[in-house]
Each structure stands twice: as structure tokens, then as C-alpha cells.
Amino acid sequence: MFDAFERAVAFRYLRARKGERFVSVIAIFSLVGIALGVATLIIVMSVMGGFRQELLGRILGLNGHLGVYGAERNITDYEAMAGRIRAVPGVVSATPIVEGQVLLTSEQGGASGGLARGVRAADLRARGLVAQNIVAGSLDRFEGDDAILIGTRLAQKLRITVGDRITLVSPQGRTTVFGTVPRVRAYTVVALFQVGMHEYDSSFVFLPMPAAQTFFQTGDTATQVEVFVQDPTEVRAVTRAIRAALGATPVRILDWQDANSSFFAAVQVERNVMFLILTLIILVAAFNIVSSLIMLVKDKGRDIAILRTVGATRGAILRIFLLCGASVGVAGTLIGFVIGIAFCANIESIRQAIQALSGTELFSPEVYFLSRLPAVVDPWEVARVVGMGLGLSLLATIYPSWRAARTDPVEALRNE
């Protein structure tokens, strides 16, 4: 597309000489602007994509992809129901659980609200997100009516550790002649888990299922059957299959998309808005290319006239200035691409270094729900950002290059 003569002239114009440095400085600012815009867009999109993926993975890893509840009361034949659900194609597991809100207190004086879940030991070991993140104690002691498993942040809040006692208070008390008396029971902490999501590490506790049934006085029933499926994006199809498998059994099914729809919709809207806002950085840098090329065309009016006089065609002049502007845009886009990818690959180390230097917490788990800053690079999204940077850079060169090609050599030499 560009011959040796056009490349030689274009790169000569890009090198600043004495008296022409102002145009070159504008070109450098354009390059830096495009590089920063592309890098920032890649970093922000990767962080928000990682944020969504981490939250989705941890929410679904602990809560399941859908829950099957009794239509009006707890599920009495939960074993038979779980067996029928497991036989549905696409279902990975179906786990009966007993669940209820509790107040947690300790002898050390701490108190916190939480969610208590009763689950069988075998089912808890099969749940990798919890079983593979035990940081103290062991699941081998998770049995009987005196064992409890809690999160690390809850343990810090209550100032307890493995072996200490924790008291559960249920808001659904028992009725006596003196009124409603809350149910209170103390348990021994047998293990601590840390899944990396603040809400779960600070509020979830697990009890053996018989102990939970006794505490919540549910009898031999389950509050829900928690279901994991092979493909969470196809959960609606699995839901229809489960309803067909259960037949006339009155149930209520709530999947993760319904339970968290507003949250993930807000994340997606924020992601789209950030993409539009940060695109303006690249757009401003592209306007800088336009201004620098227009100034270059005005500055090189005599040179253009001489080139036209010695035989250069309008197409050659057009391609020379296209190459000048495109070089700035392509170089800035590639530099931004490298910076963005490198930043995403080391984002947690960079965060830790900045926190150590500034002495402030940049990513509070209480606010952002995660204990680390995630970044997942989506190749398709990176390709879109790079393509947009290149496209805007090339579009910015068209008008100044056309102006240069339309220069009348006679008028240019006369004005000189």
C-alpha cells in the first residue's frame, strides 16, 4: 500500500527538526493519549469482568444454581425428591438442607447476625468451595449435635477460634406460658473456612443436618433441596425439566438468575457505562491526531508543492500523511495494549504495593464483597478495544490527508 518513497517522506516528517518541535510534541501527546485510553479501557473492562466472574462463581459455588422449596411448608420426603431431581439430565447434585437466620454470640463478648445451614457431612465435603478452603481445624469432626463450621471473618468478629464455643439464638422461639422464648444452643467450632467473599466468610455457618433440624425444630424435614447443574446459563431449561420430573408435587423453584437478577443487571449496566465513558479518552486523543496533522499539513505546504511539482501524485501525498497519522495511532494502540495486559497480569501485586506505599486500603472487602482485586482478560473484548483504537486513529487521519492531497502547488509556492 505504501511504497519506499512514501514511507521515507512520512517518517521524515514524523522526526522533529529545529523549529518544528511543537507539531511533534502534539503528536507525542496524541500517542500517549491513545495509549492511556486503550490501556485504561482494557484494565477497567478486565477488572469488571473479573469482578462479575468471581462474584458469580462464589455466589453459585456456595448457594447452588437453583433451590427447590415446598410450596407452603418444609419438604418432608426430601430424600425421594432429591433422588428424582438427580435423575434429571444436566443436574450435577441435589442436596437437602435446613436453613435459618440466627444471632451468633461468643463468650468473648462478640455478636453478629448470620445464616445457619444444616447439611450432611458427605454433602459438605463434596462442595469444593468450602471443603477446599478450610484454613483451620478439620471436617472430620463435623458430626454429632455439637459441631459447627464458621467463616474466618466471623471468627475474627466474635474473637474465637477452633475449639471455642459459639452460641446460636433463633428468632423463632418456642411458645411457653410465659410467652415466646428464643431458642438458644451452644456449639463447638470444629473448623474455619475462607472462600474469599466477605459476605459469606462473615455470616455463614454450617451445622450437621440432624443438629440443625433439632435446633430449628423442623423435625425430619428440609427447608429446600439445593441443586447444582452442569451449565448455569441453561438453568431455565433444567428448571422446566425438574418441574416435569416432580409431577404434581407442589414446589416453588428459585434459580440464581431470579435471586440475583438486580445485582448482576447493575454490574452489567455499570460495565457498559464505563466502556462508553472511557472510550471518550481514545476519542479525545484521536482529535489530537487531527489537530497535529492539520498543523503538519500547514507547516509542510511548501514541501507538498515541491513534491507535486517533481511528479508526486495526489494519491502519494494522501498516503504520506495517512501514514504519518496512522503511525501515531497504531503505535499508541499497541503500547496501550501491552500496558493494559501487563497491568492486568500483575494487578494484585500493584494494588498491594500501592497500599503499602500509601498506607490506605484501596479495595475494601466490606464494600466490594471480595478479598482480592480480580482481573479476567477477555480476548474478544481486548480485540474490540484494540480495533476501536486503530479505527478511530485511522479515521482521524482521513480529513487532514485529504486536505494535503488537495493542496494546489501553484498557490502554495506563490504564498511561500
Side-chain angles (χ1 to χ4, degrees), residues 1-2 7 10-11 13-16 21-54 267-268 270-296 319 321-354 357 362-363 372-401:
M1 183 177 179
F2 304 100
R7 290 196 300 270
F11 290 122
Y13 284 170
L14 285 174
R15 293 196 300 269
R21 297 192 182 278
F22 183 68
V23 176
S24 180
V25 167
I26 295 178
I28 291 173
F29 280 136
S30 303
L31 185 147
V32 172
I34 290 177
L36 289 178
V38 170
T40 304
L41 202 48
I42 290 175
I43 293 167
V44 171
M45 291 296 102
S46 298
V47 169
M48 298 198 73
F51 183 76
R52 183 183 186 280
Q53 182 172 310
E54 285 286 325
V267 171
Q268 187 61 38
E270 184 177 357
R271 199 162 177 260
N272 294 336
V273 170
M274 290 299 293
F275 183 87
L276 292 175
I277 292 174
L278 295 174
T279 300
L280 296 178
I281 299 177
I282 303 177
L283 194 59
V284 170
F287 280 117
N288 286 338
I289 293 179
V290 174
S291 61
S292 64
L293 273 182
I294 290 176
M295 294 181 66
L296 183 63
R319 289 190 292 272
F321 286 93
L322 275 176
L323 187 55
C324 287
S327 299
V328 174
V330 170
T333 301
L334 293 179
I335 292 172
F337 167 75
V338 173
I339 293 174
I341 296 298
F343 196 99
C344 290
N346 301 278
I347 192 166
E348 183 62 21
S349 301
I350 294 172
R351 181 183 77 92
Q352 296 290 351
I354 294 175
L357 290 174
L362 299 179
F363 192 75
R372 57 180 294 275
L373 188 60
V376 176
V377 178
D378 183 356
W380 167 247
E381 202 159 60
V382 171
R384 187 172 60 159
V385 172
V386 171
M388 184 180 62
L390 294 174
L392 288 176
S393 302
L394 293 175
L395 286 175
T397 65
I398 293 176
Y399 175 71
S401 302

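Not measured: the values here are computed from a predicted model. Heavy-atom basis, side chains included; hydrogens, waters and symmetry copies ignored.
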Minimum side-chain heavy-atom gap [X]-[Y] below 4.5 Å:
X	Y	answer
V385	F275	yes
L395	I398	yes
L323	S327	yes

Which heavy atom of [X] sits nearest to which heavy atom of [Y], and what is that distance?
X	Y	value
I34	G329	CD1-CA, 3.9 Å
G340	A39	N-CB, 3.9 Å
T333	G389	OG1-C, 3.7 Å

Fill in: Any residue meeting side chain to side chain donor-acceptor pair (under 3.5 Å) with N272, in chain and number order, not counting sequence neighbours
Q268

For the [atom1] atom of [X] and the [atom2] atom of [Y], what is their distance to the nearest 0.5 Å?
X	Y	atom1	atom2	value
L41	L276	CG	CG	9.5 Å
L392	T397	CG	OG1	11.0 Å
I43	I347	CD1	CD1	6.5 Å
I42	D378	CD1	CG	11.0 Å

Item to complete: Using atom types as modelled and distance alone, determine if a side-chain donor or acceptor of T40 lies under 3.5 Å from a backbone N or O of G37.
Response: no

